[in-house]
Amino acid sequence: MFHREKVKITDLDEGNIVAKPKICEFDPLTLDASSYLADTYEWVYEEKDSIMMGSNPTLVPEPDFANFSLEVTRGKCKAEEYVTVEVTFAPVVMQVDSITYKTIEIHLDGDGSTGPYSYIIDGDETDPNVEESLRSDVAYGKHTLKVVDQVGCFTETSFVVNSPSIKIPI
């Protein structure tokens, strides 16, 4: 993981960068260095080798780790600081399997998202089994599923629990 400590070039060290340490892919990220009260702010998004100006740039970084350096100036004073933000993938539902009548198992693609997960069926966040991927007594019919990871990244899908077809001999 990329990490550098704050470098004090002069006495312009009374500010700091405010940014969420983790965000979800496709979410906007705002970097806030306004506490420096500087004349100029020059940000470098290191993975993209792009430059942004201003105390509060907003962007949508790529998944993985987004590393930023900031150079601020006030008069002849300068300071440089670094921040890293982890950009996590949303959970991906691979499939919802019917195990037995009214019992399902939710399978996720484990790459990139951050567990533990909440499995919210039909919007019921109060279900005591919300953290279980194996669920019993799921009613027959169409359902919505929202999977949320520990960062708050989520995905939504739907699935159907079919009633058994029973043939009564004549």
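Residue numbers run from 1 in the order of the sequence given.
- A search for side chain to side chain contact (heavy atoms under 4.5 Å, CB included) contacts involving Asp64 returns nothing, not counting sequence neighbours.
- Inter-residue side-chain proximity for His107 and Asp97 is flagged as met; some heavy-atom pair is nearer than 4.5 Å.
- For the residue pair Asp39 / Thr73, no side-chain donor-acceptor distance below 3.5 Å is found, with atom types taken as modelled.
- Partners of Pro57 by side chain to side chain contact (heavy atoms under 4.5 Å, CB included), not counting sequence neighbours, listed by chain and number: Leu31, Trp43, Met52.
- Ile17 is connected to Leu59 through a chain of hydrophobic side-chain contacts under 4.5 Å among Ile, Leu, Val, Met, Phe, Trp and Tyr, so both are in one cluster.
- Val160 places none of its side-chain heavy atoms less than 4.5 Å from the side chain of His143.
- Atoms CZ and OG1, from Phe65 and Thr88 in turn, are 10.0 Å apart once rounded to the nearest 0.5 Å.
- Distance alone, capped at 3.5 Å, is enough to place a donor-acceptor pair between the Glu25 side chain and the Ala90 backbone.
- Note that NZ of Lys78 is 9.5 Å distant from CD of Glu80, once rounded to the nearest 0.5 Å.
- Hydrophobic clustering (ILVMFWY, side-chain heavy atoms < 4.5 Å, transitive): Val161 and Val96 are in one cluster.
- Side-chain contact between Arg135 and Ile121 is present, with at least one heavy-atom pair separated by less than 4.5 Å.
- Partners of Tyr41 according to the side-chain hydrogen bond (donor to acceptor under 3.5 Å, both in side chains) rule, which considers only residues two or more places apart in sequence or in another chain, do not exist here.
- Partners of Tyr119 according to the ring pair (Phe, Tyr, Trp, His ring centres under 6.0 Å) rule, which considers only residues two or more places apart in sequence or in another chain, do not exist here.
- Here disulfide (SG to SG under 2.5 Å) pairs that include residues 28-76, with residues two or more places apart or in two chains, number zero.
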Go through the steps to decide whether Glu47 and Asn67 satisfy the test side chain to side chain donor-acceptor pair (under 3.5 Å), and finish with yes or no.
CA-CA 7 Å; Glu47 286 72 24; Asn67 301 294; 2.3 Å; yes

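- With values rounded to the nearest 0.5 angstrom, Ile120 atom CD1 is found 9.0 Å from Glu156 atom CD.
- Looking at residues two or more places apart in sequence or on another chain, you find no side-chain hydrogen bond (donor to acceptor under 3.5 Å, both in side chains) involving Glu86.
- Distance alone, capped at 3.5 Å, places no donor-acceptor pair between the Asn129 side chain and the Glu132 backbone.
- Among pairs with a residue in residues 27-72, none fulfils disulfide (SG to SG under 2.5 Å), at least two apart in sequence or across chains.
- Glu71 is not listed as a side-chain neighbour of Val44, based on a closest heavy-atom distance of 4.5 Å or more.
- Applying the side-chain hydrogen bond (donor to acceptor under 3.5 Å, both in side chains) criterion to Thr157, with sequence neighbours excluded, gives no partner residue.
- Residues Leu108 and Phe159 share a single hydrophobic cluster, defined by chaining ILVMFWY side chains whose heavy atoms lie under 4.5 Å apart.
- Two residues are said to be in side-chain contact when any heavy atoms from C-beta on lie closer than 4.5 Å; Val83 and Leu70 fail this criterion.
- When hydrophobic residues (I, L, V, M, F, W, Y) are linked wherever their side-chain heavy atoms come within less than 4.5 Å, the members clustered with Leu134 are Ile99.
- Among residues two or more places apart in sequence or in another chain, the salt bridge (charged side-chain N to carboxylate O under 4.0 Å, His left out) test is passed with Asp32 by none.
- With sequence neighbours left out, Asp124 forms a side-chain hydrogen bond (donor to acceptor under 3.5 Å, both in side chains) with Thr126.
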In sequence, state the C-alpha distance, the side-chain angles, and the governing distance for Ser158 and Thr144, and then conclude on side chain to side chain donor-acceptor pair (under 3.5 Å).
CA-CA 4 Å; Ser158 60; Thr144 59; over 6 Å; no

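- Under a hydrophobic clustering in which Ile, Leu, Val, Met, Phe, Trp and Tyr are joined whenever their side-chain heavy atoms come within less than 4.5 Å, directly or via other members, Val130 and Phe154 fall into the same cluster.
- Note: Cys24 SG to Asp149 CG = 6.0 Å, rounded to the nearest 0.5 Å.
- Although no hydrogens or angles enter the test, the distance criterion places a donor-acceptor pair under 3.5 Å between the side chain of Ser35 and the main chain of Asn16.
- Residues Ile104 and Leu145 fall within the same hydrophobic cluster, defined by Ile, Leu, Val, Met, Phe, Trp and Tyr side chains chained together at heavy-atom separations under 4.5 Å.
- In this model, a donor atom of one side chain and an acceptor atom of the other lie less than 3.5 Å apart for Glu46 and Ser69.
- Counting Ile, Leu, Val, Met, Phe, Trp and Tyr side chains that sit under 4.5 Å apart, directly or through other members, Val60 stands alone, with no cluster partners.
- The distance from the OH atom of Tyr117 to the OG atom of Ser133 is 11.0 Å, given to the nearest 0.5 Å.
- Remark: Ser34 OG to Asn56 CG distance equals 5.0 Å, nearest 0.5 Å.
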